[in-house]
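We count ligands from 1, going down the list as the structure has it; atoms in each ligand are counted the same way. Hydrogens, waters and symmetry mates are skipped; everything else that's a heavy atom, side chains included, is used. Only a predicted model underlies this, so the values are computations on that prediction, with no experimental measurement involved.
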Amino acid sequence: MSINLPRGTQDILPGQVEKWQAIEGKAREICKKYLYREIRTPIFEHTELFLRSVGETTDIVQKEMYTFTDRGNRSLTLRPEGTASTVRSYVEHKMFGDAQQPVKLYYVGPMFRYERPQAGRYRQFVQFGIEALGSADPAIDAEVISLAMTLYKEMGLNKLKLVVNSLGDKESRSAHREALVNHFKPRINEFCSDCQNRIEKNPLRILDCKQDRNHELMSSAPAIIDYLNDYSREYFEKLQKYLTDMDVSYVVDPNLVRGLDYYNHTAFEIMSVSEGFGAITTLCGGGRYNGLVEEMGGPETPGIGFALSIERFIAALEAEKVDMALNESVDCYLISLGDAAKDYTVKLLHGLRSHGLKAERDYLDRKLKAQFKAAERLQAKFVAVLGDNELNNGVINLKDQATGEQREVQLNQFIETLKSLK
Ligand code: ATP
Ligand code: MG
């Protein structure tokens with residue numbers, strides 16, 4: 001019996017992988033412009049890291065982590081997200097002391113969550129995320145949001161909706177928290193068991209519950225916006241002004257709360273509003289997490305970031321039918337006839353490639369016609385035919401596939417000719 005891939009994972013095959021490369025390439029290119037630098041952290045970490053940073057009351061920690069004990073009896077966990085590791089590394093390497101501040105980082109890599117697999121939800125998925133640590137200026141919040149929007153737009157997505165909210169600071173949150181408890185507590189028995197836990201531990205996250213989202217108490221719940229103190233309100237107003245200044249359109253959703261326990265002030269999500277898109281429409285989520293660095297053992301440091309998955313990015317591109325123009329053609333396909341010519345092809349092909357040309361040849365001893373077919377399949381711009389006779393005369397036959405035009409070229413000028421034609 002053959003073995004299949006594990007549930008919730010996928011093989012990304014040639015033909016599809018080019019989309020991944022295009023998105024990852026664009027993400028790197030934009031990060032370079034915005035001066036975010038790549039960080040690579042381990043795929044697994046001490047379980048404790050996620051308990052402390054993601055938070056014990058979150059879905060991730062309660063039901064989604066791939067946790068195992070290694071042969072040395074340590075509890076390790078495959079990373080379910082990227083912020084925890086980034087902040088751990090920031091503290092471990094004392095980046096708060098770096099000359100360049102704020103510290104602006106990005107990561108791309110696989111994350112693991114034990115979820116119920118469905119469209120847009122995998123057990124292994126790839127996230128691109130950024131973190132800006134060390135600034136509490138709403139301009140950096142605006143920069144982080146606009147970087148995500150720029151990435152989506154430059155890849156060709158148009159049907160996007162940016163939703164922002166403010167969770168306020170500690171003071172605002174505790175006033176809001178009290179109001180939430182008063183609102184939900186009398187009827188908490190009508191809610192799921194998770195929410196019944198949340199009412200004590202983190203009532204804000206009741207608003208994020210997927211099971212009870214249609215309960216009548218949800219829409220009438222006290223909104224954090226009405227509990228913001230002056231500082232938090234001004235912060236949020238500044239952010240909105242900056243977004244407007246950058247022509248980033250957004251809507252404010254007072255019920256938007258994000259999973260992490262440490263989020264404060266800015267929270268945002270980017271959704272696809274494309275008709276063809278499935279039930280899960282959130283492409284990107286992010287927010288501010290002042291307090292997390294301290295919790296991880298570092299000095300008090302403000303931070304903000306986002307994460308998005310490439311899987312949902314691609315799903316959105318497909319829903320909007322964005323043509324990613326991935327069909328890269330080959331510059332030249334070498335066809336040989338006869339043993340001496342075939343041998344010579346090894347040297348010739350190597351020469352083409354070392355001069356930066358994209359070239360291919362036949363490796364299956366195919367007949368002339370089949371070699372031409374192979375050239376067509378690769379969308380070769382030029383086909384070069386070399387027979388033993390041509391080889392003896394030091395020439396090669398070059399055919400322009402677009403015009404059908406043929407010419408004989410001196411072998412020693414072949415590469416230069418091809419380069420100039422290209
Ligand atoms: P959801 O509400 O869809 O479960 P989340 O709040 O768990 O999302 P985050 O932890 O904020 O998601 O992760 C940020 C982004 O990563 C999401 O907006 C989504 O694009 C992507 N993502 C999260 N979980 C998965 C998954 N299992 N498969 C693919 N992409 C995912
Ligand atoms: Mg989730």
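- One option in G8, S272, A307, A119 has a heavy atom closer to atom 14 (C) of ligand 1 than any other, and that option is A307.
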**Study point:** Y34/T150 under side-chain hydrogen bond (donor to acceptor under 3.5 Å, both in side chains): CA gap, chis, key distance, verdict
**Key:** CA-CA 11 Å; Y34 284 69; T150 301; 3.2 Å; yes
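- Comparing Q118, R312, E269 by heavy-atom distance to atom 8 (O) of ligand 1, the nearest is R312.
- D141 and Y235 form a side-chain donor-acceptor contact under 3.5 Å, judged by distance and modelled atom types alone.
- Atoms of ligand 1 found under 4.0 Å from any heavy atom of C284 (numbered from 1 in listed order, with element): 18 (O).
- Of all the listed residues (E81, R113, Q124), R113 holds the heavy atom that lies closest to atom 5 (P) of ligand 1.
- The T282 neighbourhood of ligand 1 comprises atoms 18 (O), 20 (O), with distances under 4.0 Å to a heavy atom of that residue.
- Here Q127 has side-chain heavy atoms under 4.0 Å from ligand 1, and that is the only part of it that gets that close.
- Using a 4.0 Å cut-off between heavy atoms, L283 contacts ligand 1 through its backbone alone, with no side-chain atom that close.
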Practice item. Take S85 and E45 through the side-chain hydrogen bond (donor to acceptor under 3.5 Å, both in side chains) test and state the conclusion after the steps. Key: CA-CA 8 Å; S85 312; E45 296 269 3; 3.2 Å; yes
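- Under 3.5 Å, the side chains of S232 and S172 contain a donor-acceptor pair of N or O atoms.
- Both tests pass for R361 against the ring of Y363: distance under 6.0 Å to the centre and angle within 45° of the axis.
- When the heavy atoms of A316, A315, S309, G129 are ranked by distance to atom 21 (C) of ligand 1, first place goes to S309.
- Salt bridge absent: E56 and K201 never bring a charged side-chain N and a carboxylate O closer than 4.0 Å.
- Every heavy atom of M111 sits 4.0 Å or more from the atoms of ligand 1.
- The OG1 atom of T67 sits 8.5 Å away from the CZ atom of F50 when rounded to the nearest 0.5 Å.
- Below 4.0 Å from some heavy atom of G285 lie the following atoms of ligand 1, by number and element: 18 (O).
- Remark: ligand 1 atoms within the under-4.0 Å shell around heavy atoms of E115 are 24 (N), 25 (C), 26 (C), 27 (N).
- Y66 and Q124 share no side-chain donor-acceptor pair at under 3.5 Å.
- Listed by number with element, the atoms of ligand 1 under 4.0 angstrom from any heavy atom of G120 are 28 (N), 29 (C), 30 (N).
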